[in-house]
Asker: 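Below are the C-alpha cells for one structure; questions will follow.
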2 protein chains.
Amino acid sequence: MDQAGERREPTMRDVAALAKVSTKTVSRVINGLPGAGQEVVDRVRAAARTLGYRPNLTASSLRRSDRRSATIGVLFEDLSNPFDSALLRAVEDRARQGGVLVLAGSSEDDRTLQGELLVSLAARRVDGVVVMAAGGHQDALQQERERGTPMVLVDRPPTFGSTDCVTTTNRDSSREAVLQLAALGHRDIAFLGDRRTLWTSQERYTGYLEGLAQAGLTLREELVRTDLHGADLAETATNTLLDLDRPPTALFTAQNLVTVGSMRVLRARGLQRRIALIGFDDFPLADMLEPGITVVRQDVPGIGRKAAELIFARIDGDTSPPVHAVVPAALVRRGSGEIAPSAD
Amino acid sequence: MDQAGERREPTMRDVAALAKVSTKTVSRVINGLPGAGQEVVDRVRAAARTLGYRPNLTASSLRRSDRRSATIGVLFEDLSNPFDSALLRAVEDRARQGGVLVLAGSSEDDRTLQGELLVSLAARRVDGVVVMAAGGHQDALQQERERGTPMVLVDRPPTFGSTDCVTTTNRDSSREAVLQLAALGHRDIAFLGDRRTLWTSQERYTGYLEGLAQAGLTLREELVRTDLHGADLAETATNTLLDLDRPPTALFTAQNLVTVGSMRVLRARGLQRRIALIGFDDFPLADMLEPGITVVRQDVPGIGRKAAELIFARIDGDTSPPVHAVVPAALVRRGSGEIAPSAD
DNA sequence: GCCGGTTGCGTCAACGTTGACGTAGGAGGA
DNA sequence: TCCTCCTACGTCAACGTTGACGCAACCGGC
C-alpha cells in the first residue's frame, strides 16, 4: 500500500488494450456516446472497473472543442468571514448540480493579491469567475473580463462595463432603517461605516442621508464616522460619539464588525437598553443578546444563487445585455432598533 | 469587447511565431530555464506581452513528468459553517505560499456525496486532498488513499491505516471541562452531544466519563443525551433534562449548535445564571452574552496550518510514517462555566 | 443485383506543453 | 590542427483525450 503512490494511473489506452478495442471506442463508452454495441460496452466497462480507470478531465478539456474545465473560480475577500462563506456555499451548491467544482480564494481586499489569484485561475482555464471586487481600481478584473472570461461580481458592482453583478438593497434598506429610527422619535442618529472606498459603504451612507432627509432631520456631521475597518476602530468611534455634548440617541452601524464594536461599547456603558441600534448585516446569535439586535438582513443564499445562475448562463453562451441583479434585504426587528429616545 | 469571448487564447506557438523562435524556446523562457540567450529572452517576453499570452497549466501538467496540477482538494462537511470555513482559510493561506489553489466542496456529512466529490477531484488530478471524513464507513476515502493520493484527515481520524490526521484534544479538554464543573460542587452534570457516529462526539463523551470518574461522581444515565443533530433537537433535549425530578445543575454541551440550543432554553426559562454551562467549540459573540459562555476553544487556524503542512509534505514525497497530530484546545472562562450549584 | 442508408467500429491528428535528444557554432586546450 | 566541451537553440514525440473521417458489414427496397 505504501508503494501504491508509484503506480501509474490507468489510461484509456490501458482499458482499450484489456478490452481489445480502440481507445476511441473506450472514449465512446466512457462518455456514453452512441456507436458502441452492447457487448463491447460491457467489455469496456468491465475492463475499466478491473483497472480502476478514471477519466482525466484535464486531458479531456484540453482536447474537447468546448474547452470546458467544469471548474469555476470564486474570489472573495475572506473565506473565513461568515458572509463570504455563506456566499461560497450557495455558489458551490448550484455548481455541483452541473458537475462543476469551485476553486476558491481569498483576496484580502488587496488588488495585487486579487490579480495574482486571477492569473492562477486563468492558468487553470476556469470556465468563469465569481468575484467580490477588491477596493480601488479594478483593472485586473476588467482586463480579465475583456479577454472574454465570463464574470459575475457580487456585493459590489464593476467600475467597468459589460459585466453582470449581484448586490443587495444597500441604499433602500439603510434608508428604511433610518426612517424606522426617526419614526420612534430619534433626531440624533449616528452613522458608523466601514472603509469609504467600498461601494457598499457609500451606498449605505447615501441611504442614511436619504432617510434623514425624508424624515426631515438635518445631518449632524459629527455623528458620521467612517473608515471603521474592524471592531476596534468601531469601539473607539462609538466612545467618541457617546462622549459628545449632545450624543446620538440611535446608532446605525453599516457593517457587521462595526455593529459588534458598537454593541460592545453600549454594553460596557450599560446603555444597550437606552440607545437604539440597527446594524447592517445579520450575524449569528443576534437574537440571543439582550436586547436582541435589530438588523438589515441580506439574503446571502439568494445572492449566491443568483450569482451562480448568472455565471452559468454566461458560460452556456448567454449573450444578453449585462444584468445588475438586486436581491432585497429585510429589516429584522429584535428590540435594539425599537428603543425610543430616552426622555432625559 | 463583446465578441472578445470568441478570440482564441494565444498559445506558445503564437508567441514562437511572433518571436521567430521554436515553441521549445518559448517554453524555456516562460519557465525561466537556462538555454536561451538574453536577446532571445527579451524577444520572447515582448511577444508574449504583445499577444497577452498566458501559460496553460492543464496542458503543462499533462505533459510534465511530475504531473503536478498545483491544486489540492478540500472536502469539508459544510463550508458555510464557521469551523469549516476557518479551517479552509488556514489551508488556503498555506497553499497560496506554494502557488497552489484549492478546490473546495461540502460533503454534507453524506458518504455518497463525499464519494462523488472525491471522484470529481480525482478527475481533475489534484495533488492531494484534505478531508473531514463523513460519518460511517470511509471506504471511498480508503480506496482513494490506496490509489496513492496524498490525504490528510482533519477533525476526525481515519478508520483505515497509513493516513495522516489532525484533531484536537477532544477527550482531555472535555474531561477538563467536567472537572472544572465538579470542582465548583456540581454533582449532576448533563452531557448533550451530537450524532454518536461522529468520532469527536464519542471522544468528548469519553472525556465526560473520565471527568466524572476522576471527580468521584457517578454517571446518571438519564443526564446523557446524544444524537442531537442541530439546535432544535438540543432544545428539546435540554427541556427534557430540566423537567427531570432531579435536574442537572450543570450542562456540558459537546458541540456548537447544541450549545446554542441549550443556551436558548436556559434563557427562556431564566436559568442562565443558575445553571452552569460549558460548551465545546467557541463561537462569535460568546463573550457578549450574559453571562458570557465558557467554552473549550479549538485552535482552528492551528489545525488548518498543521493539515496543510502535512499534505504538502506528503505531496513533496515525504514517506515517513503517518502522523496523528493533536492540536491542543483551551478552556476559555467567561462566566457560564463558573456558576456554582444553587443552594435550593 | 445495385444503391443508399445505418450501425459499429477503427485510424489519424490534434489540443498546448515539455522531456529527450540532436546540432551548429564558438571557445578552449593539447 | 584537431578534438572536446559548452552554449543556444531546434526537432520530434508524447502526455490522455476526442473530433473528423474512413470503412466494412448489414439492412431494406426495387
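In what follows, chains carry the letters A, B, and so on, assigned in the order in which the sequence lines appear, proteins first and then strands, with residues in each chain numbered from 1. The model shown is predicted, which means the values in this text are computed figures rather than measured ones.
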Asker: For a quick test of your reading: what N or O donor-acceptor pairs under 3.5 Å do the side chains of residues 100-111 of chain B make, sequence neighbours left out?
Answerer:
from	atom 1	to	atom 2	distance (Å)
B:Ser106	OG	A:Arg89	NE	3.2
B:Ser106	OG	A:Glu92	OE1	2.8
B:Ser106	OG	B:Leu79	N	3.1
B:Ser107	OG	B:Phe76	O	3.3
B:Ser107	OG	B:Asp109	N	3.3
B:Glu108	OE1	A:Arg89	NH2	3.2
B:Glu108	OE2	A:Arg89	NH2	3.3
B:Asp109	OD1	B:Gly135	N	2.8
B:Asp109	OD2	B:Arg195	NH1	2.6
B:Asp110	OD1	B:Thr112	N	2.8
B:Asp110	OD1	B:Leu113	N	3.3
B:Arg111	NE	B:His137	O	3.3

Asker: For B:Arg13, what residues pass the side-chain contact (heavy atoms from CB on, under 4.5 Å) criterion, not counting sequence neighbours?
Answerer: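 For B:Arg13, the residues satisfying side-chain contact (heavy atoms from CB on, under 4.5 Å) (neighbours in sequence not counted) are B:Thr11, B:Thr23.
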Asker: Can you give the first and last nucleotides of DNA chain D, 5' to 3', that have an atom under 4.0 Å from a heavy atom of chain B?
Answerer: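 Endpoints of the contacted stretch of DNA chain D: D:dA8 to D:dG16.
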Asker: Tell me which donor-acceptor pairs under 3.5 Å the side chains of residues 30-44 of chain B have, and how far apart each pair is, sequence neighbours excluded?
Answerer:
from	atom 1	to	atom 2	distance (Å)
B:Gln38	NE2	B:Asp42	OD1	3.0
B:Arg43	NE	B:Ala19	O	3.0
B:Arg43	NH2	B:Ala19	O	3.1

Asker: Residues in side-chain hydrogen bond (donor to acceptor under 3.5 Å, both in side chains) with B:Ser120, at least two apart?
Answerer: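 Expected list: none.
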Asker: Could you tell me which residues satisfy salt bridge (Lys or Arg N to Asp or Glu O under 4.0 Å) with A:Arg64, sequence neighbours excluded, listed by chain and number?
Answerer: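 For A:Arg64 the salt bridge (Lys or Arg N to Asp or Glu O under 4.0 Å) partners, ignoring immediate neighbours, are A:Asp66.
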Asker: For a quick test of your reading: what N or O donor-acceptor pairs under 3.5 Å do the side chains of residues 52-59 of chain A make, sequence neighbours left out?
Answerer:
from	atom 1	to	atom 2	distance (Å)
A:Arg54	NH1	B:Glu144	OE1	2.7
A:Arg54	NH2	B:Glu144	OE2	3.3
A:Asn56	OD1	A:Thr58	N	2.9
A:Asn56	OD1	A:Thr58	OG1	2.6
A:Asn56	OD1	A:Ala59	N	3.1

Asker: Would you mind reporting whether B:Val129 and B:Leu75 have side-chain heavy atoms less than 4.5 Å apart?
Answerer: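 In short, these two side chains do not touch, never coming nearer than 4.5 Å.
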Asker: Near DNA chain D, which residues from residues 52-71 of chain B have a heavy atom under 4.0 Å away?
Answerer: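 Only B:Leu62, B:Arg63, B:Arg67 qualify.
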Asker: Hey, can you pull the residues of residues 18-27 of chain A with a non-hydrogen atom under 4.0 angstrom from DNA chain C?
Answerer: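 Within this stretch, A:Val21, A:Ser22, A:Lys24, A:Thr25 sit under 4.0 Å of the strand.
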Asker: Would you please name every residue forming a side-chain contact (heavy atoms from CB on, under 4.5 Å) with A:Ala90, sequence neighbours left out?
Answerer: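 With neighbours one apart ignored, the set is empty.
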Asker: So does B:Arg125 pair up with A:Glu9, basic N to acidic O under 4.0 Å?
Answerer: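 The answer is yes: the pair qualifies as a salt bridge.
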Asker: Below 4.5 Å, heavy atoms only, C-beta onward: do B:Leu118 and B:Gln143 meet side chain to side chain?
Answerer: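 No, side chains not in contact.
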Asker: Mind listing the residues from residues 28-40 of chain A sitting with a heavy atom below 4.0 Å of DNA chain C? Number order is fine.
Answerer: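 Heavy-atom contacts with DNA chain C come from A:Arg28, A:Gly35, A:Ala36, A:Gly37, A:Val40.
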Asker: Which atom names give the shortest non-hydrogen contact between A:Val130 and A:Ala307, and what distance separates them?
Answerer: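 So the minimum-distance heavy-atom pair works out to CG1-CB, 4.3 Å.
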Asker: Could you name each residue pair satisfying side-chain hydrogen bond (donor to acceptor under 3.5 Å, both in side chains) that touches residues 303-315 of chain A, not counting sequence neighbours?
Answerer: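 Output for this query lists A:Asp164-A:Arg314, A:Lys306-A:Glu309.
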